[in-house]
Amino acid sequence: MNGFKEKFRIFSKLCTEDYLIRYANKGLYKRSLKELDNGVSVTYTWNASSVSCQLSDGTQCTLENTLDHWECSCPADHICKHVLIAILYDQREYTAEDSMNADEKHALDKDSGISDNDPLDVPKNVSVTESASNLVSNVDDPSEIPHTVSREIESRFRWMTESDLPVLIKSYSSSMIEEVVFRLRYPEEIKIIEDSLLTVHLTIQNIEVSFTEEANLAKALCKVQQTAGKMAKLEALLRYRNFKGLDDTDALSGRVYEAKFSLQTVQECRVMLAGLLKTGLARLPQSYMAQLETLAIAAHSGNLPDIERSLRGIQGELQLFFNRHIRFSMQSMLDRVSKLYLALQVLEEEKVSVIQQSQLIGNFRSKYFTVPSLHLYGLGADAWETRSGFRGITYYFYCFDDEEIYTYSDVRAVYYDDQQFSYTEHYGAFTPWLPNLTFRQFVGEKVQFYSVKVNEERRISSGEGAKLAILPRTGVETLNMGKTMQDVTSVLQEESRSFDLFAAPKERLAVIKVARIVDHNFVKQTQDLVLTVESAEGERLALTLPYSSDWQAMIQRLESGYGSQSLEHFYAFVRVEPKRISPISFLKGKTVLSLKLDIGNGRMGRLGRI
């Protein structure tokens with residue numbers, strides 16, 4: 001027999017009905033069978049690595065022993081009925097030959113006196129896999145399938161858990177693997193179907209990936225095309241392996257993370273910080289600011305983004321010190337210097353793993369990845385301005401999927417003379433996802449995002465492709481927000497000053513149940529408005545709002561009471577900082593009141609109305 005002819009026959013036998021339907025579709029498969037029943041025939045010309053198939057209707061196909069490569073004289077862009085006919089016709093012809101050979105063998109065995117019940121009577125060309133599949137299909141109750149048959153079905157796809165993962169994902173780029181790894185953080189229900197293929201159904205995304213017996217991800221079948229389909233195959237494999245109890249973290253991290261940086265810049269930064277600690281702030285010359293700026297530029301060039309950010313943070317604190325500003329914090333300065341010095345020392349020693357090095361280096365730009373869905377509950381919005389010349393509004397949401405806080409930020413640089421940012425205008429602008437939904441409405445809703453992009457810090461992207469649905473909003477009193485919901489005691493507890501060297505600092509946010517506001521006082525020395533709130537148990541908590549000319553109206557209204565005396569039994573969404581607790585919004589029932597943006601603009605009337 002021609003060498004390729006034997007390979008093609010093996011491939012043809014593996015092309016089960018389920019396989020061909022998943023590769024093409026059910027309609028195309030049925031049309032192919034119908035044409036065969038109507039008398040279409042195929043003539044095969046066997047070549048060294050392909051077979052030329054001449055159909056009786058005049059069409060010509062060239063096939064290999066895989067459906068990844070084929071040619072057809074018809075104008076179809078995707079797999080066509082002619083390719084299926086060529087495969088199915090070969091199956092019928094081969095089955096007929098097998099049947100004739102079996103009859104001849106049976107006659108010879110009978111002449112030789114071999115019993116019909118002899119095990120040798122089973123045709124040699126029928127594989128164990130085929131026998132198992134036939135047995136499964138003929139059993140009405142799957143629980144009656146013998147354990148040996150079940151084990152045989154499972155063994156066909158053992159490669160999915162036993163193969164070397166780095167070899168399986170060799171064709172994937174590091175960026176593709178990184179995105180799939182990011183998706184794995186989010187829950188996804190999977191359904192597994194085993195027949196002639198092993199199919200993993202990603203329920204939330206409504207994507208099916210069918211794996212063959214061959215240990216090759218490229219041979220898996222998925223209706224999603226191009227890059228998205230390739231990543232769906234990897235995600236389905238990794239979720240299946242996780243379902244089977246495998247942890248692929250180490251194998252994947254080696255492909256995702258890179259740690260290329262300037263060691264010389266690291267050494268220079270560490271020496272400079274050592275000099276700062278030795279000299280002390282009291283004797284530090286103002287020219288030290290120029291040294292920090294020079295090293296920040298060097299860190300940028302040396303691919304050390306987080307080192308650059310830390311240097312600029314120290315620079316900002318130092319500027320407050322030189323200006324004798326009341327908001328300068330010695331503890332904050334010490335924390336910044338200590339953490340940066342330790343990070344530089346670890347990078348210089350080069351003794352930690354690549355993943356830990358990459359965590360210390362950081363990224364210049366956040367990477368956003370698509371997640372299937374996010375179920376969010378609006379908590380409020382906060383307006384802000386940085387000393388470096390940026391203004392923006394950040395919108396906060398509680399996510400029911402992973403019980404974390406997600407944000408969306410609208411930010412503009414205003415350090416140019418012709419650039420402005422109107423908080424009122426941007427707060428009332430329409431969202432990029434629904435043209436008739438303003439941001440003010442958006443933050444007061446319960447929403448569902450589909451195919452939305454987020455980054456490591458759980459910031460939501462406004463990029464194209466995301467879909468947003470508004471859901472009926474429930475009262476805040478009915479929600480279980482897990483660790484986000486805290487009482488006054490837990491918020492007041494002194495946090496440890498230790499920090500995680502290999503993780504970005506996290507903003508501490510909490511929702512507190514408040515019985516009433518018992519006092520409001522503007523402190524002239526610190527230019528802060530302090531609202532004292534009380535819990536139902538009588539515990540008191542000071543909420544601090546720093547004064548700014550932008551929030552003058554809001555400060556004056558809160559200082560004068562503005563309905564606060566009649567406001568009872570509500571929730572305060574706050575930011576917990578080292579020296580103060582700043583309120584962002586008040587929530588009651590289905591209503592959200594963002595303090596700076598709603599009270600400052602007088603849009604929601606008196607506080608008592610919530």
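Heavy atoms only: backbone and side chains are in, while hydrogens, waters and symmetry mates are out.
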Self-check item: Pair Val337-Leu276, side chain to side chain contact (heavy atoms under 4.5 Å, CB included): steps then yes or no
Solution: CA-CA 9 Å; Val337 173; Leu276 167 64; 3.9 Å; yes
Is it the case that the side chain of [X] and the backbone of [Y] share a donor-acceptor pair, with hydrogens and angles ignored and the cut-off at 3.5 Å?
{"X": "Ser462", "Y": "Pro432", "answer": "no"}
{"X": "Arg324", "Y": "Phe321", "answer": "yes"}
{"X": "Tyr172", "Y": "Lys230", "answer": "yes"}
{"X": "Tyr395", "Y": "Arg440", "answer": "no"}
{"X": "Ser338", "Y": "Asp335", "answer": "no"}
{"X": "Ser490", "Y": "Gln486", "answer": "no"}
{"X": "Tyr423", "Y": "Trp384", "answer": "yes"}
{"X": "Asp528", "Y": "Val523", "answer": "no"}
{"X": "Ser594", "Y": "Ala381", "answer": "yes"}
{"X": "Arg283", "Y": "Thr279", "answer": "yes"}

Can you measure from [atom1] ([X]) to [atom2] ([Y]) and round to the nearest 0.5 angstrom?
{"X": "Ser174", "Y": "Glu179", "atom1": "OG", "atom2": "CD", "value": "12.0 Å"}
{"X": "Leu334", "Y": "Leu277", "atom1": "CG", "atom2": "CG", "value": "8.0 Å"}
{"X": "Leu295", "Y": "Leu273", "atom1": "CG", "atom2": "CG", "value": "8.5 Å"}
{"X": "Arg508", "Y": "Thr484", "atom1": "CZ", "atom2": "OG1", "value": "11.5 Å"}

Residue pairs passing the salt bridge (Lys or Arg N to Asp or Glu O under 4.0 Å) test where at least one lies in [range], sequence neighbours excluded:
{"range": "residues 459-473", "result": "Glu457-Arg459"}
{"range": "residues 309-318", "result": "Glu293-Arg312, Asp306-Arg309, Glu308-Arg312, Glu317-Arg336"}
{"range": "residues 477-490", "result": "Glu404-Lys483"}

[Y] versus [X], side-chain donor and acceptor atoms under 3.5 Å:
{"X": "Glu268", "Y": "Gln264", "result": "yes"}
{"X": "Thr265", "Y": "Ser262", "result": "yes"}
{"X": "His426", "Y": "Asp410", "result": "yes"}
{"X": "Ser173", "Y": "Ser175", "result": "yes"}
{"X": "Ser409", "Y": "Thr394", "result": "yes"}
{"X": "Asp598", "Y": "Tyr427", "result": "yes"}
{"X": "Thr438", "Y": "Gln441", "result": "yes"}

Holding to side chain to side chain contact (heavy atoms under 4.5 Å, CB included), I want the full list of residues that pass it with [X], two or more places apart in sequence or in another chain.
{"X": "Ser461", "result": "Tyr368, Lys453"}
{"X": "Ser310", "result": "Leu340"}
{"X": "Glu349", "result": "Gln345, Lys351"}
{"X": "Ile204", "result": "Glu188, Pro372, Ser373"}

Quiz item: Could Lys367 and Glu456 be called an ion pair, given the rule that one side-chain N must be under 4.0 Å from one carboxylate O?
Solution: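 Here Lys367 does not pair with Glu456 in a salt bridge, since their nearest N and O are not under 4.0 Å apart.
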Quiz item: When you check the gap from the basic side-chain N to the acidic O, do Arg575 and Asp382 get nearer than 4.0 Å?
Solution: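 Salt bridge present between Arg575 and Asp382.
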Self-check item: Trace of the side chain to side chain contact (heavy atoms under 4.5 Å, CB included) decision for Val488 with Val491
Solution: CA-CA 5 Å; Val488 173; Val491 170; 5.8 Å; no
Exercise. I would like to know whether Ile405 and Leu379 meet side chain to side chain contact (heavy atoms under 4.5 Å, CB included); could you show each step before the answer?
Key: CA-CA 9 Å; Ile405 300 294; Leu379 295 177; 3.6 Å; yes
Quiz item: Do the numbers put Lys446 on top of the ring of Phe397, so that NZ or CZ is under 6.0 Å from the six-membered ring centre and no more than 45° off the axis?
Solution: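 No - Lys446 does not lie over the ring of Phe397 by the 6.0 Å and 45° rule.
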Heavy-atom closest pair, residues [X] and [Y]:
{"X": "Phe390", "Y": "Val411", "value": "CD2-CG1, 4.0 Å"}
{"X": "Thr431", "Y": "Leu434", "value": "OG1-O, 3.0 Å"}
{"X": "Cys399", "Y": "Leu374", "value": "SG-CD2, 4.0 Å"}

With a 4.5 Å heavy-atom cut-off, do [X] and [Y] have their side chains touching?
{"X": "Met330", "Y": "Leu281", "result": "yes"}
{"X": "Thr370", "Y": "Val452", "result": "no"}
{"X": "Asn323", "Y": "Phe328", "result": "no"}
{"X": "Leu202", "Y": "Arg239", "result": "yes"}
{"X": "Val447", "Y": "Leu471", "result": "no"}
{"X": "Leu509", "Y": "Ile584", "result": "yes"}
{"X": "Val518", "Y": "Leu531", "result": "no"}
{"X": "Leu479", "Y": "Tyr377", "result": "yes"}

With sequence neighbours left out, write down each residue that passes side-chain hydrogen bond (donor to acceptor under 3.5 Å, both in side chains) with [X], or none if nothing qualifies.
{"X": "Asp402", "value": "Tyr406"}
{"X": "Ser451", "value": "none"}
{"X": "Glu189", "value": "none"}

Self-check item: side chain to side chain contact (heavy atoms under 4.5 Å, CB included) evaluation trace for Ile307 with Val266
Solution: CA-CA 9 Å; Ile307 303 302; Val266 168; 5.7 Å; no
Quiz item: Parallel, tilted or perpendicular: which fits the ring planes of Phe182 and Tyr186, with parallel below 30° and perpendicular above 60°?
Solution: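 If you compare the ring of Phe182 with that of Tyr186, the planes turn out tilted.
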Self-check item: Residues forming a ring pair (Phe, Tyr, Trp, His ring centres under 6.0 Å) with Phe430, sequence neighbours excluded
Solution: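 Phe430 satisfies ring pair (Phe, Tyr, Trp, His ring centres under 6.0 Å) with no other residue.
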Practice problem: Check ring pair (Phe, Tyr, Trp, His ring centres under 6.0 Å) between Phe449 and all other residues, then give those that pass, not counting sequence neighbours. | Solution: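 Expected list: Trp433.
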Quiz prompt | Ring centre gap for Tyr571 and Phe586 strictly below 6.0 Å | solution =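 Judged by ring-centre distance (under 6.0 Å), Tyr571 and Phe586 do not meet the cut-off.
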Self-check item: Distance flag, aromatic centroids of Tyr398 and Phe400, threshold under 6.0 Å
Solution: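 Yes, the ring of Phe400 comes within the 6.0 Å limit of the ring of Tyr398, centre to centre.
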